[in-house]
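Take a look at the structure below.
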Amino acid sequence: MRIGEVAEKAGVSVRALRYYEEQGLLQAGRSPGGQRHYPDTAVGRVRLIQQLYAAGLPSRVVRKVLPCVDSGEEKAPPALLDQMAAERVRVDQRITDLLDDVIAIARDPDSDCSHVE
DNA sequence: CTTCTCACA
DNA sequence: TGTGAGGA
């Protein structure tokens, strides 16, 4: 199917799909006219990419994870699982810090409301 | 009407 | 990633 259909089914923008291809995350064939052509499995793959990014994984990790999904039943290398576990620690800490900051600001608006006009 | 590439007041 | 241009 063409890019527009995949975008609609996966719930992402056409722009995002072209970007994923640039990043080597999504394989796309070309028609003689130059139009991208995707296999039906592309929709699921795009959703997976979404999951990965939504989980807060940096693109560099996402790029390492996807190849494992492709290569048949090959199980993910322990090293990669460790890296993902490390990401969870990092993301958890990041969220905690971010929320602490926001809560602190909400607690005493006086100290810092210069952001709002 | 849809897709493509390129570039950014 | 959005958006618009200019062409197929």
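Just so we're on the same page: letters track the sequence lines, and every chain starts at 1. Computed from heavy atoms alone, side chains included, the values below leave out hydrogens, waters and symmetry copies.
Rounded to whole Å, atom C1' of B:dC4 lies 12 Å from atom CZ of A:Arg2. When rounded to the nearest whole Å, the span between CD of A:Glu22 and P of C:dT1 equals 12 Å. Remark: C1' of C:dT1 and CG of A:Leu25 are 14 Å apart, rounded to the nearest angstrom. Atom CG in A:Leu17 sits about 14 Å away from atom C1' in B:dT2, given to the nearest Å. Atoms CD (A:Gln35) and P (B:dC4) sit 6 Å apart, rounded to a whole Å.
In this structure, A:Tyr19 does not reach the C:dG2 phosphate: none of its side-chain N or O atoms is under 4.0 Å from OP1 or OP2.
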- Under the 3.5 Å Watson-Crick or G-U criterion, the dot-bracket string of DNA chain C, with | for inter-strand pairs: .|||||.|

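Between the side chain of A:Arg45 and the backbone N or O of A:Leu25, at least one donor-acceptor pair lies under 3.5 Å.
With values rounded to the nearest 0.5 angstrom, A:Ile3 atom CD1 is found 13.0 Å from A:Glu8 atom CD. Taken from NE2 in A:His37 to CD in A:Glu5, the straight-line distance is 9.0 Å, to the nearest 0.5 Å. Note that CZ of A:Arg107 and CG of A:Asp100 are 8.5 Å apart. Values are rounded to the nearest 0.5 Å. To the nearest 0.5 Å, the span separating CG on A:Asp108 from CD1 on A:Ile103 amounts to 12.5 Å.
One finds no salt bridge joining A:Arg18 and A:Glu22 here, because no Lys/Arg side-chain nitrogen approaches an Asp/Glu carboxylate oxygen to under 4.0 Å.
In this model, no donor atom of one side chain and acceptor atom of the other lie less than 3.5 Å apart for A:Tyr20 and A:Gln27.
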What nitrogen or oxygen pairs link the protein and nucleotides 5-9 of chain B at under 3.5 Å?
from, atom 1, to, atom 2, distance (Å)
B:dT5, OP1, A:Arg30, NH1, 3.3
B:dT5, OP1, A:Arg30, NH2, 3.1
B:dT5, OP2, A:Arg36, NH2, 2.2

- What do the steps show when you test A:Glu87 against A:Arg90 for salt bridge (charged side-chain N to carboxylate O under 4.0 Å, His left out), and what is the final call? CA-CA 5 Å; A:Glu87 283 301 326; A:Arg90 186 184 66 72; 2.8 Å; yes

